[in-house]
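Right, one structure below, let's go through it.
A note on names: the letters A, B, ... follow the listed sequences, proteins ahead of strands, and every chain is numbered from 1. No experiment lies behind these values; they were computed from the predicted model shown.
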Amino acid sequence: MEISADLGTLADSRQHHAPLELPKQNRSWLPGALRRMVLIRTAEDHIGQMVTAGKIRCPCHLAIGQEAVAVGVSKSLRPTDRIFGAHRSHSHYLALGGSLRALMAEVLGKDTGASRGMGGSMHLIDLEHGLRGTVPIVGSTIPIATGAALAAKMDGKGDIAVSYFGDGATEEGVFHESMNLAATLRLPVLFVCENNLFSSHLHISLRQPRDSVARYATAHDIPAVRVDGNDVVAVASAADEAIERMRREPGPFFIEAVTYRWRGHVGPRDDEDVGVRRKDDLVVWRKRDPVQRLYEALREAGDADSASLELIEREVLAEVAFAWAQAEQDPFPPPESLLSRVYGRPS
Amino acid sequence: MEISADLGTLADSRQHHAPLELPKQNRSWLPGALRRMVLIRTAEDHIGQMVTAGKIRCPCHLAIGQEAVAVGVSKSLRPTDRIFGAHRSHSHYLALGGSLRALMAEVLGKDTGASRGMGGSMHLIDLEHGLRGTVPIVGSTIPIATGAALAAKMDGKGDIAVSYFGDGATEEGVFHESMNLAATLRLPVLFVCENNLFSSHLHISLRQPRDSVARYATAHDIPAVRVDGNDVVAVASAADEAIERMRREPGPFFIEAVTYRWRGHVGPRDDEDVGVRRKDDLVVWRKRDPVQRLYEALREAGDADSASLELIEREVLAEVAFAWAQAEQDPFPPPESLLSRVYGRPS
Amino acid sequence: MALTSYGVAIREGFEHLLSYHPKVFTIGQGLWSPWYVGNTMTDLEQQFGKARVIDTPVSELATTGAALGAALCGYRPIVIHPRVDFMLLAVDQLVTQAAKWRYMFGGDVAVPLTVRAIINRGGEQGAQHSQALHSWFAHIPGLRVVMPASARDARDLLIASVLCDDPVLYVDDRWLYGIEEEIGPPVELDLAWEGPKLTRSGGDLTLVGAGHSAWLCSEAARALAEDGVSCDVIDVRVLNPFDATLILDSVKRTGRLLAVDGDWATCGFAAEILARVAEEVPPSLLRAPSRRLTLPDAPAPTSGPLERSYYTTVGDVIAAARQIAGVRGDSWE
Amino acid sequence: MALTSYGVAIREGFEHLLSYHPKVFTIGQGLWSPWYVGNTMTDLEQQFGKARVIDTPVSELATTGAALGAALCGYRPIVIHPRVDFMLLAVDQLVTQAAKWRYMFGGDVAVPLTVRAIINRGGEQGAQHSQALHSWFAHIPGLRVVMPASARDARDLLIASVLCDDPVLYVDDRWLYGIEEEIGPPVELDLAWEGPKLTRSGGDLTLVGAGHSAWLCSEAARALAEDGVSCDVIDVRVLNPFDATLILDSVKRTGRLLAVDGDWATCGFAAEILARVAEEVPPSLLRAPSRRLTLPDAPAPTSGPLERSYYTTVGDVIAAARQIAGVRGDSWE
Ligand SMILES: Cc1ncc(C[n+]2csc(CCOP(=O)(O)OP(=O)(O)O)c2C)c(N)n1
Ligand SMILES: Cc1ncc(C[n+]2csc(CCOP(=O)(O)OP(=O)(O)O)c2C)c(N)n1
Ligand SMILES: [Mg+2]
Ligand SMILES: [Mg+2]
């Protein structure tokens, strides 16, 4: 499968603003997807505010603007799949159905948190929904997901692994080692690169000779597609197809989802003053809003209107506020957990 | 520059046995190249015998069968270039003009060795001829050569760096990191992969999904060519062209030279019993002999005959024997060098 | 009863694990080679199939990470690094991922990953093919570190490592592959209860070492006994978490400590042994300053004569022990 | 005279090096960012150009190797790793290549490479964004390891590191960026002659630490002095090669040692200090068992209350010092 080395119009912030093109059939999941995206945005916005307010201290990397990727990919996943993320993984966690309260408790360092307060925003786990872990060492979960795919293949039940990572992670050698391993052993791992054009303050043009990373998959003989990462329909249909195939016949697949983050690298600010072209671009990129574009398409199709959207927003806001309130009340881990959680208990 | 992902006929041991096609012009270097290849083969053969005899104890990885690569590449190099090798680098050292006696002394652990007896076969250096170091951690000199190219670019004198490595090294992540760095910073590093189809006991088909590695260069936007690594003329002309261009306009280049080692992974035995297809293939591969093919072409062109070849062989054998005899007499490093060579002397 | 060598005992450990524990598999470089890892895994791929005995590309970091991923999904993988030196490319996965995974995710996630690294040195291989560095890994909370010194431990501690729900670094040493003993049938130990062992008792001096250094200590103690110097010998076996109780009790009795270690001195495992004693044994009980015998402060040289002086020998241990015990030559000081 | 902070002093070091030494350049992640490395390199790329202040892809191993390659060709590069944790991906280049390069090639090749790694922790960043691990690197022969504890050293030891012909790991700590002192103009020291410094004299107890731990020791000693406990304080400054002379002399006088270190205990730098004392100070001169104060044996937690109890405070140092000196509360025992 050949794929061009450049993003083309997907890198142009002035394009792809129109409402999504909806599928002809199987549209029933779309209102749910809209709600999930609103939930991610609202939850992350709340987290951002709480960082500003000084109530959250751990570093939080927000995925606002990138909601469609995780929501689109998660549509075809099942709880026995094995999903891994990185430092910017609230969206992966929530898209899979992770508990809001456990997320809020985790960023607050509470014992009821997803990782029992031991990990914070950058270390989320939710075994019930298949999320096996997210960690902030760039690229580090790529081989781990690859090994989870090896386990899935050995299990022989058609489960797959998903590795979410950013464009920056493609500069780590382990990304290539993992792709070669997956290609050689034919492991069912879905590599999902959220190419948001930035690694921290640096635009991809300052870090790589070309702006699309799918070319690496091609080199490793891994089939790849590139999609508009702000189009949940496009993401879901690419993921659908890939995953169905992987379940039947184990082997790796690569999705490059082109997107953009609205907030700064870390925390709620928008880093307008940082890096190339960010200030001018950001305004335009906001017009490629994954939530708005889906909503408008649904409205045009008669499946949503401003009242239904407002209702979703209101309900989600309440959910987030309630989860937060609960989490705030929750206890911190007991002092002995400092030492008691290092090793397993002897039998 | 597009290049196919497979080696095609170059991977077929039954092909490419014919005498080389000689260039129409500028042939004066060819007798020298023949002599250099005979020298490498003879020296390594001697080293192999001395390993068997128990006179050499350090691990020696022989490049017999691969002589044309280093000799072809070295033709266009100059002493201010910066060359790096790996564990199988006697050929790189000798092709650049390194002292035979210092090589023999090094494998014997003598103070007169290339690395003063501190490194053995796997650690050769010869600053006079541009060899900056060879080390056995697979892939490790690739970024080092890349940095030497950065220095060359800063120097602004048209010098380049050369990184020799094997097909196995392309599985190390650092290979990819280095290519991306070289491509992004436009560094004059010539990546030379000696694809001998094996990494230790494993054929490339068991380690990678495709048998040609130039596809990785393409992914990193680095121009690449693939050549018959047992054709010194083809190697030299590819290197010539690349190097000339790199001196004018700094930037990386990639040469995949397809070849085969006649001996085992380490030491003088031939590993016939090891790995896929090796036993049957080896016999056939010997017919793609880089020395013989050049000699036959020169003979057909009237530039050599059996007498002149014999003379070369006799002279070279004497040179090797003499260097060995000298090296055997040479002293070991003094006992204090165990501790005195760790740090530089304070000023 | 038949004698089994350390190398063959390791293979027996693999055979036991692969036979009785379907979730065990092994992955790494050289597994389909007749020579890469000595005689410790010969023909396993033929016995158990290439799906469970996986040879890999030259990709230490991804291979280690992949094994971690499989461990998180219920398998018990054993990663093979034929040299410690190569494993250094995988430090991130071992130290920053595996060792911390359970903790970062709340304490309940099992991480049944075993990484086997081989110390392979001597033979003029030089600085990049000689490192030990077990001290580094013993430094890391969350990572269990095991170094067998006997054939039985080579087998049974391998089995215990793989059956443990924490990540374990198992370090064996090629210099021990030839030692032999009767080892009986395999035993499934709980690694959490394993620790240092007193392998010989004596009142004049405490000798402590792990892996090959424990062997040096035993050999030296045997020779010293003939000279009238009697030693406690402690084989550390498990370097992390490190339980020094046995060593402390011994030094309280003997008043003299010699720690032997095949790693460098500064911040090395021998330093840890001395530090524990310094903290816990009242100075009044010490009859001599403690001492360590380690590698010299240099990378490994290749040149034969230098290499011979680089590594600690039984003779070096004997000489140091005599000195601490106050014996000069054959007579007491 | 004006006070200069540790963070600004580092920047002065860079400014001096880039101004007066044309072969110096710096490369690493975050160099064109206003926040990545605190205030220690602000706008250097504007002042000296992006050809000498190079921001890089996320490729720690290749970046470090590339700097080594440039160092072998006559440059004096400074690699920046904004966190020690990230540098672990580059261990092969630092430890197996750079540290051994001179030796492996006969002793005459200069390797003027400086790697700067920042300890950046606290703030609930968690286990993967909190490691120190200077003990690991102090373990490696051939690698000089420097940890400045004062603003002047932050600048002048950086300069000395870069002008040294051996590879140097320079470790600074974000927790020190705010401390201030008068530092005068830059000085070009020869790193080979630099080592531990006595920063305070007192007879009851020897306090030793490096980097932030040296600062903890000073602060504690000041408070202890008010209580009538007088301490020698030794700032280690250079961890490898480690010259313990000053520490040994001090402990011979005080008879009491407390080593404070911001790394883990087992095989950590505090163990090395205790080991040196155990080897060289006759037990008869010790008035109490030596002690170390280090991180607990766990990865860094994120949760606020746990994190607060994880890191050593001035109060912890004071309490331990009192205990060793035999002081309970405000009265002697
Ligand atoms: C090994 C490593 N190097 C550097 C960093 C610092 N860092 C944290 S996030 C990040 C950017 C990663 O960019 P990308 O992968 O594109 O993810 P994004 O932030 O855009 O979601 C970097 C460099 C790190 N965490 N780990
Ligand atoms: C990092 C590392 N991993 C593994 C090895 C063991 N090893 C030594 S040479 C070699 C094969 C390398 O193959 P290739 O790069 O193709 O070179 P060739 O031997 O064919 O010349 C391997 C795996 C090593 N030296 N370093
Ligand atoms: Mg990104
Ligand atoms: Mg090869």
Side-chain angles (χ1 to χ4, degrees), chain A residues 56-60 87 105-111 113 115-123 135-140 166-175 199-202 204 206-209 264-267 271 273-276 331-343, chain D residues 28-37 41 45 50 54-65 81-93 120-131 264-266 295-311:
Chain A
I56 296 173
R57 291 191 60 222
C58 73
C60 294
H87 55 288
E106 191 55 43
V107 299
L108 283 166
K110 299 300 182 77
D111 202 33
S115 301
R116 302 188 64 196
M118 307 307 282
S121 162
M122 305 195 291
H123 300 98
V135 304
I137 294 295
V138 168
S140 64
D167 48 304
T170 66
E171 293 150 16
E172 290 287 359
V174 75
F175 162 64
S199 167
S200 163
H201 58 295
L202 284 189
I204 193 167
L206 298 171
R207 301 179 281 114
Q208 300 190 24
H265 169 62
V266 57
D271 280 6
D273 44 348
V274 171
V276 292
F332 287 106
E336 65 273 18
S337 49
L338 185 71
L339 292 174
S340 68
R341 293 176 177 177
V342 182
Y343 298 100
Chain D
Q29 283 174 54
L31 303 201
W32 302 342
S33 148
W35 79 77
Y36 231 104
V37 291
M41 300 183 76
E45 87 282 13
K50 290 186 170 180
I54 307 172
D55 207 332
T56 67
V58 198
S59 309
E60 287 78 9
L61 186 52
T63 302
T64 307
H81 292 294
R83 289 175 188 278
V84 172
D85 312 77
F86 306 160
M87 186 178 64
L88 298 190
L89 286 155
V91 152
D92 176 68
Q93 287 295 328
N120 182 351
R121 56 193 181 182
E124 303 187 11
Q125 297 181 90
Q128 299 195 329
H129 277 48
S130 300
Q131 295 179 91
W264 290 296
T266 310
L295 294 179
D297 228 3
T302 48
S303 187
L306 296 181
E307 194 184 54
R308 278 190 289 283
S309 72
Y310 185 72
Y311 292 110

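Per-residue heavy-atom pair counts under 4.5 Å with chain D were compared for Val174(A), Val135(A), Leu339(A), and the maximum is reached by Val135(A). Annotation: maximal heavy-atom pairing with chain D below 4.5 Å, among Glu172(A), Arg207(A), Met118(A), occurs at Glu172(A). Highest contact tally toward chain D, considering only Pro136(A), Ser115(A), Pro59(A), is held by Pro136(A) [criterion: heavy-atom pairs under 4.5 Å].
A side-chain N or O of Thr64(D) and one of His81(D) form a donor-acceptor pair less than 3.5 Å apart.
With a 4.5 Å cut-off on non-hydrogen atoms, Leu88(D) does not touch chain A at all. For Pro335(A), the part lying near chain D is the backbone, with the side chain staying farther off; criterion is any non-hydrogen pair under 4.5 Å. Both the backbone and the side chain of Leu306(D) come within less than 4.5 Å of a heavy atom in chain A. The part of Met122(A) that comes within reach of chain D is its side chain, from C-beta onward, which places non-hydrogen atoms under 4.5 angstrom from that chain.
The aromatic rings of His265(A) and Trp35(D) sit parallel to each other, their planes meeting at less than 30°, with 60° as the upper class boundary.
For the atom pair CG (Leu295(D)) and OG1 (Thr266(D)), the distance works out to 11.0 Å, reported to the nearest 0.5 Å.
With sequence neighbours left out, the side-chain hydrogen bond (donor to acceptor under 3.5 Å, both in side chains) criterion links Glu307(D) to no other residue. Tyr311(D) is linked by a ring-ring contact (aromatic ring centres under 6.0 Å, His included) to Trp175(D), counting only residues two or more places apart in sequence or in another chain.
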Practice task
Would you sort out whether Gln29(D) and Val58(D) count as a side-chain contact (heavy atoms from CB on, under 4.5 Å), showing the intermediate values?
Solution key: CA-CA 7 Å; Gln29(D) 283 174 54; Val58(D) 198; 3.7 Å; yes
